[in-house]
Amino acid sequence: ESMLGYVVDGKVFVLLNAGTSPATFEDITLPLGKWKLIANNEAVDHLHGVKDERKVMKLKGDQSLDIAMQPASLRIWVRE
């Protein structure tokens, strides 16, 4: 009920956990390509990307992913 995830035009990927507990988005498959994290709760940087607890987080499309999110957290990726 407190989780939202969507892809915009195959180029922007947004995840939001608006809840008060950690949550995991399961079995996500993004369009083919490399995805760079550009925003989280602490920063936004669309040129270089941002660092989170896993350093710079990049994703690969066309494979199943599980992504854990802390409470009240946001992450945005763009396809490179």
Side-chain angles (χ1 to χ4, degrees):
E1 294 179 10
S2 61
M3 297 167 53
L4 175 66
Y6 56 91
V7 176
V8 179
D9 197 27
K11 298 175 185 174
V12 178
F13 174 45
V14 178
L15 290 181
L16 172 66
N17 177 8
T20 57
S21 300
T24 300
F25 290 82
E26 298 177 348
D27 298 322
I28 297 168
T29 302
L30 295 170
L32 188 62
K34 293 180 182 178
W35 294 78
K36 175 175 61 174
L37 183 66
I38 63 159
N40 60 20
N41 290 36
E42 287 79 40
V44 175
D45 186 340
H46 69 281
L47 294 177
H48 302 101
V50 298
K51 295 180 182 184
D52 68 2
E53 65 271 7
R54 298 179 195 164
K55 302 194 179 188
V56 174
M57 186 169 179
K58 292 196 177 193
L59 303 175
K60 290 185 181 179
D62 203 32
Q63 57 184 286
S64 180
L65 304 167
D66 292 343
I67 300 175
M69 300 278 291
Q70 294 299 314
S73 62
L74 167 75
R75 290 185 186 156
I76 301 173
W77 290 262
V78 293
R79 189 166 63 171
E80 296 183 292

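Residue numbers count from 1 along this sequence.
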In this structure, CG of L16 is separated from CG of N41 (nearest 0.5 Å) by 9.0 Å

To the nearest 0.5 Å, atom CD1 of I67 lies from atom CG of L59 at 5.0 Å

Under 4.5 Å between side-chain heavy atoms, hopping through other hydrophobics if needed: is there a path connecting V7 to V78? no

In terms of heavy-atom contacts, V44 and A39 come closest through CG2-CB, 3.8 Å

When rounded to the nearest 0.5 Å, the distance separating NZ of K36 from NE2 of H48 is 7.5 Å

L37 and R75 have their tightest heavy-atom pair at CD1-CB, 3.8 Å

Closest non-hydrogen contact found for E26 with D66 is CA-OD1, 3.2 Å

Does R79 reach the main-chain N or O of L32 with its side chain, forming a donor-acceptor pair under 3.5 Å? yes

The reported gap from OG in S21 to CD in Q70 (rounded to nearest 0.5 angstrom) is 10.5 Å

Tightest non-hydrogen contact, residues D45 and V50, listed as N-CG1, 3.6 Å

| request: Give a yes or no on whether I38 and V12 share a hydrophobic cluster (residues Ile, Leu, Val, Met, Phe, Trp, Tyr; joining criterion: side-chain heavy atoms under 4.5 Å apart). | output: yes

* Taking side chain as C-beta onward, heavy atoms only, is K58 less than 4.5 Å from K34? -> no

To the nearest 0.5 Å, atom CG of L4 lies from atom CZ of F25 at 7.0 Å

Should W77 and V8 be counted in the same cluster of Ile, Leu, Val, Met, Phe, Trp and Tyr side chains packed under 4.5 Å apart?
no

Verify the cluster assignment for L74 and Y6: are they in a single hydrophobic cluster under the rule of side-chain heavy atoms below 4.5 Å apart? yes

For M3 and N17, the nearest pair of non-hydrogen atoms, with its separation, is CG-OD1, 4.3 Å

Output for pair (L30 CG, W35 CH2), nearest 0.5 Å, gives 5.5 Å

Closest non-hydrogen atoms of K60 and L65, given as atom of the first, atom of the second and distance, are O-CD1, 4.1 Å

